[in-house]
Peer 1: 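The structure's right below; bear with me while I get my questions together.
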Amino acid sequence: MSEEKKLSVEEQELRDYAKKVFASTVNQIEQLTNNFQKRRLYRTKDIETMLKNPYHYKKELQEVSEYLSVTEGLLKEILMYKSNPLTLDHFILPLDMTKYSSKDKLEKAELVTAKFLEKYNLKYNLAWMLHRLLILGELFVYKIQGGSGLMFQELPSRMCKIVSCKNDVFKFAINLNGINNSNKDCFPNEIQGLAERYHAGELKNDKNLMRDGYYRLMKNAYAFALDTSGNSLPYYIGLFKDLCILQDMKEAQRLSGILDNFKILIQKIPTDNDGNLLIDRETASMFNEALKSIVPDGVGVITSPLDVEDVSVSNTGSNKTLNYVEQVRDTLYSSAGVNDEVFNGDKSSNDAILLSAMADTMLAKKVIRMFEIWINQELQDNRQTNNWKVKILTTAEKDKEVELQALTNRLTTYASKKMYLAMQGFSPLDSINIVKYENMLDIGEEMKPMLTSHTLSGDEVEEGDEGGRPSNEERTDTTKKTSDSEN
């Protein structure tokens with residue numbers, strides 16, 4: 001192997017200078033790129049690792065779902081769309097009518113049940129519970145009662161696990177090791193008390209204390225899971241990788257934009273006819289640094305004795321990147337089972353949107369039935385309401401007016417008037433009060449509807465008027481002229 005040619009001092013200095021100029025320009029590009037680069041908590045390779053063994057990384061994937069549901073607008077909108085398709089209208093009815101010997105007792109029992117159910121604020125609470133359930137795949141809530149009202153607090157899923165099922169309602173345990181002085185105020189008072197007793201060693205013989213500090217919460221604690229086995233993953237786990245790829249593509253687009261607008265200024269070092277530099281390296285470096293100090297971001301500087309051609313550092317594949325971003329976005333909508341026309345489609349397909357809207361309510365209807373079982377169990381556990389049940393209607397927001405009109409038409413034969421009031425948005429307590437209120441004010445007499453063929457009764461027809469159109473003999477001259485002009 002031939003030995004490397006030994007460089008002279010001047011040649012070595014020139015080479016060192018060239019390396020310095022090149023490194024300076026590259027650093028300028030990297031610095032500019034980093035200024036625009038979006039910092040991400042999760043990378044595509046991290047998601048790929050978790051998805052290889054999803055149940056092992058269940059808690060981590062739930063955290064990823066929380067993160068993406070906030071940072072990714074597409075997933076955020078899909079979650080809002082899928083968790084709010086139903087009106088959540090509801091009404092109550094008795095389980096056994098033979099228990100009521102009079103109308104007065106029936107009305108009193110109905111009023112007590114309606115007041116009890118009003119505290120649950122079902123339309124509000126079921127909506128946010130469904131939304132959180134889709135994000136995490138499971139939900140742990142604790143009922144807090146105070147005075148005349150109550151509220152539901154979500155507990156961190158990373159500290160809870162489902163341990164049993166009673167009457168088709170899941171019960172769970174909470175890890176008391178995760179509750180300390182710094183976060184105990186974030187938990188209900190009952191759980192704070194349990195944590196204090198646990199850390200004081202007073203729960204060692206408690207039958208509800210499990211391994212690793214988990215404690216079974218048997219009262220006021222409820223768990224919900226999309227999987228009937230109780231071991232559920234985030235509902236849209238299949239979108240996580242594509243969402244990260246979409247972020248990668250967006251970053252590539254940003255980088256392409258940076259490179260497209262990056263410019264290089266070249267100042268040439270003067271040389272003699274033999275190519276020798278007419279200024280020393282230190283002076284050339286001084287001019288290079290001086291020019292760098294005055295150019296704006298996005299402009300590089302090269303000082304060289306060599307002829308330099310125009311250099312393009314732009315990404316020539318930017319169009320392909322843009323097309324790939326669109327493909328990934330279409331894949332996300334397809335994987336989510338959502339018609340993209342509902343959000344930001346560029347086609348006109350009303351039939352497809354209507355069919356999609358019908359399919360989009362299926363998940364919500366399944367979960368609502370789970371919530372209905374839980375609420376009815378709450379009614380059963382109360383001595384004053386255990387002969388009543390709640391029925392949650394699965395009316396879609398998009399079809400509300402159509403279904404309400406259909407129910408109105410059936411009222412002429414038979415349809416539940418309680419259901420009719422519920423479908424108009426009245427809670428069971430509202431329905432009772434509005435009927436009694438309007439009856440006491442006799443609003444029916446004060447605000448009579450206009451007489452039409454639907455509202456006109458036989459008593460309201462004038463004597464001698466048999467109804468129907470006038471006969472030929474009864475027609476007036478004006479009627480005949482009008483008829484002749486129409487012909």
Side-chain angles (χ1 to χ4, degrees), residues 41-42 46-47 49-51 53-70 125 128-146 150-237 240 367 370-371 374 377-378:
L41 187 60
Y42 299 100
D46 301 329
I47 303 300
T49 300
M50 296 179 192
L51 292 179
N53 191 359
Y55 286 100
H56 177 74
Y57 292 102
K58 176 179 175 179
K59 298 302 181 184
E60 289 81 358
L61 286 169
Q62 288 178 335
E63 292 177 359
V64 171
S65 186
E66 290 263 28
Y67 171 75
L68 292 176
S69 66
V70 174
N125 285 315
W128 73 258
M129 287 181 183
L130 174 55
H131 185 259
R132 296 294 298 165
L133 191 57
L134 294 186
I135 293 176
L136 301 174
E138 58 187 10
L139 179 66
F140 304 92
V141 296
Y142 192 88
K143 183 172 68 174
I144 301 174
Q145 303 184 65
L150 59 84
M151 63 169 288
F152 295 95
Q153 179 177 345
E154 179 183 2
L155 299 181
S157 61
R158 66 180 181 277
M159 295 176 57
C160 304
K161 64 179 180 180
I162 294 175
V163 294
S164 63
C165 182
K166 179 182 178 182
N167 298 324
D168 295 325
V169 178
F170 287 120
K171 310 298 287 185
F172 68 93
I174 187 169
N175 189 351
L176 297 178
N177 285 318
I179 303 175
N180 49 51
N181 290 332
S182 64
N183 65 7
K184 68 177 184 179
D185 291 336
C186 299
F187 294 87
N189 292 333
E190 296 87 341
I191 296 179
Q192 290 184 39
L194 286 172
E196 291 173 358
R197 292 176 59 197
Y198 169 74
H199 292 301
E202 299 176 5
L203 297 179
K204 292 181 179 180
N205 298 323
D206 195 313
K207 64 179 181 180
N208 289 319
L209 184 64
M210 305 168 62
R211 289 183 180 180
D212 302 323
Y214 278 93
Y215 189 89
R216 294 187 187 89
L217 299 174
M218 304 308 295
K219 186 179 179 181
N220 296 329
Y222 315 95
F224 307 97
L226 293 176
D227 192 329
T228 54
S229 67
N231 191 17
S232 298
L233 297 169
Y235 186 72
Y236 285 113
I237 187 174
F240 293 173
V367 177
M370 182 182 5
F371 289 149
W374 161 56
Q377 187 59 48
E378 290 287 285

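Only a predicted model underlies this, so the values are computations on that prediction, with no experimental measurement involved. Here, residue 1 is the first one in the sequence, and each next residue gets the next number.
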Peer 1: Any sub-3.5 Å donor-acceptor pair from Arg216's side-chain atoms to Lys207's backbone N or O?
Peer 2: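 Confirmed, Arg216 side chain pairs with Lys207 backbone.
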
Peer 1: Between Glu378 and Lys143, is a side chain to side chain contact (heavy atoms under 4.5 Å, CB included) present by the stated rule, with each step listed?
Peer 2: CA-CA 11 Å; Glu378 290 287 285; Lys143 183 172 68 174; 2.6 Å; yes

Peer 1: Of the non-hydrogen atoms in Ala225 and Ser232, which two are nearest, and what is the gap between them?
Peer 2: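 Residues Ala225 and Ser232, closest heavy atoms: CB-OG, 3.5 Å.
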
Peer 1: Do Ser65 and Ile237 touch side chain to side chain, with heavy atoms closer than 4.5 Å?
Peer 2: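 No. Closest side-chain heavy atoms not under 4.5 Å.
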
Peer 1: Determine the minimum heavy-atom distance between Phe240 and Leu68, stating which atoms define it.
Peer 2: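 Distance-wise, the nearest heavy atoms are CD2-CD1, 3.7 Å.
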
Peer 1: Provide the full list of ring-ring contact (aromatic ring centres under 6.0 Å, His included) pairs with a residue in residues 200-233, sequence neighbours left out, each pair given once.
Peer 2: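 Sorted pair list: Tyr222-Trp374, Phe224-Phe371, Phe224-Trp374.
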
Peer 1: If we count only N and O atoms by modelled type, under 3.5 Å, do the side chains of Asn231 and Lys58 hold a donor and an acceptor together?
Peer 2: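 Result is yes, a qualifying pair exists.
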
Peer 1: Got a sec, which residues hit salt bridge (charged side-chain N to carboxylate O under 4.0 Å, His left out) with Glu60, two or more places apart in sequence or on another chain?
Peer 2: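 Expected list: none.
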
Peer 1: List the residues meeting side chain to side chain donor-acceptor pair (under 3.5 Å) with Glu63, not counting sequence neighbours, and say none if there are none.
Peer 2: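 Expected list: none.
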
Peer 1: Could you walk me through whether Ile144 and Asn220 pass the side chain to side chain contact (heavy atoms under 4.5 Å, CB included) test, one step at a time?
Peer 2: CA-CA 7 Å; Ile144 301 174; Asn220 296 329; over 6 Å; no

Peer 1: With sequence neighbours excluded, what pairs up with Asn181 under the side chain to side chain donor-acceptor pair (under 3.5 Å) test?
Peer 2: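 Counting only residues at least two positions away or on another chain, Asn181 forms no side chain to side chain donor-acceptor pair (under 3.5 Å).
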
Peer 1: Could you tell me the separation between the CG atom of Leu134 and the OH atom of Tyr236, rounded to the nearest 0.5 Å?
Peer 2: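 Here the interatomic distance stands at 6.0 Å.
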
Peer 1: Which atom pair, heavy atoms only, marks the closest approach of Tyr57 to Thr49?
Peer 2: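 Scanning both residues completely, I find the closest heavy atoms to be CE1-O, 3.9 Å.
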
Peer 1: With rounding to the nearest 0.5 angstrom, report the CG to NZ distance, Asn208 to Lys171.
Peer 2: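 With rounding to 0.5 Å, CG (Asn208) is 11.0 Å from NZ (Lys171).
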
Peer 1: Please report the interatomic distance CZ(Arg132) to OG(Ser69), rounded to the nearest 0.5 Å.
Peer 2: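 It is 7.0 Å, given to the nearest 0.5 Å.
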
Peer 1: Using the side chain to side chain donor-acceptor pair (under 3.5 Å) criterion, which residues pair with Tyr198? Sequence neighbours excluded.
Peer 2: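 Partners of Tyr198 under the side chain to side chain donor-acceptor pair (under 3.5 Å) test: Asn177.
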
Peer 1: Side chains of Pro188 and Leu155, heavy atoms from C-beta outward: is any pair under 4.5 Å?
Peer 2: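 Yes, close enough: below the 4.5 Å cut-off.
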
Peer 1: Measuring only between side-chain heavy atoms, which start at C-beta, is Leu176 closer than 4.5 Å to Arg197?
Peer 2: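 A side-chain contact under 4.5 Å is absent here.
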
Peer 1: Between Gln62 (side chain only) and Leu136 (backbone N and O only), is there a donor and an acceptor less than 3.5 Å apart?
Peer 2: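 Here the side-chain-to-backbone pair exists.
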
Peer 1: Answer yes when Glu138 and Lys59 have at least one side-chain N-carboxylate O distance shorter than 4.0 Å, and no when they do not.
Peer 2: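 A salt bridge links Glu138 with Lys59.
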
Peer 1: If you look at every heavy atom in Leu217 and Ile191, which pair is closest and at what distance?
Peer 2: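 Shortest heavy-atom contact: CD1-CD1, 3.9 Å.
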
Peer 1: Could you name each residue pair satisfying ring-ring contact (aromatic ring centres under 6.0 Å, His included) that touches residues 167-190, not counting sequence neighbours?
Peer 2: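 Counting only pairs at least two positions apart or across chains, the ring-ring contact (aromatic ring centres under 6.0 Å, His included) contacts touching residues 167-190 are Phe140-Phe172.
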
Peer 1: In terms of side-chain geometry, is the basic nitrogen of Glu66 or Arg158 positioned less than 4.0 Å from the acidic oxygen of its partner?
Peer 2: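 Answer for the salt bridge query: no.
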
Peer 1: Using a 3.5 Å distance criterion without hydrogens, assess whether the side chain of Glu154 forms a donor-acceptor pair with backbone atoms of Val141.
Peer 2: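 The answer is no, because no donor-acceptor pair under 3.5 Å joins these two groups.
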
Peer 1: Roughly how far, to the nearest 0.5 Å, is the CH2 atom of Trp128 from the CG atom of Leu139?
Peer 2: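 Reported to 0.5 Å precision, the distance equals 5.5 Å.
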
Peer 1: Please confirm whether the backbone N or O of Ser182 pairs with a side-chain atom of Asn180, one donor and one acceptor, at under 3.5 Å?
Peer 2: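 Yes; judged by distance alone, with no hydrogens or angles, the pair exists.
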
Peer 1: State plainly whether the residues Glu190 and Lys219 are in salt-bridge range, i.e. N to O under 4.0 Å.
Peer 2: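 Looking at Lys219 together with Glu190, the answer is no, because their closest N to O distance does not fall below 4.0 Å.
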
Peer 1: Evaluate the side chain to side chain contact (heavy atoms under 4.5 Å, CB included) criterion for residues Lys161 and Ile174: first the C-alpha distance (whole Å), next the side-chain angles of each, then the deciding distance (0.1 Å), finally the verdict.
Peer 2: CA-CA 7 Å; Lys161 64 179 180 180; Ile174 187 169; over 6 Å; no

Peer 1: To the closest 0.5 Å, what do you measure between CD (Glu196) and CD1 (Ile179)?
Peer 2: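 Between Glu196 CD and Ile179 CD1, I get 10.0 Å after rounding to 0.5 Å.
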
Peer 1: If I take atom CE from residue Met129 and atom CE from residue Met370, how far apart are they, to the nearest 0.5 angstrom?
Peer 2: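 Atom-to-atom, Met129:CE and Met370:CE are 11.5 Å apart.
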
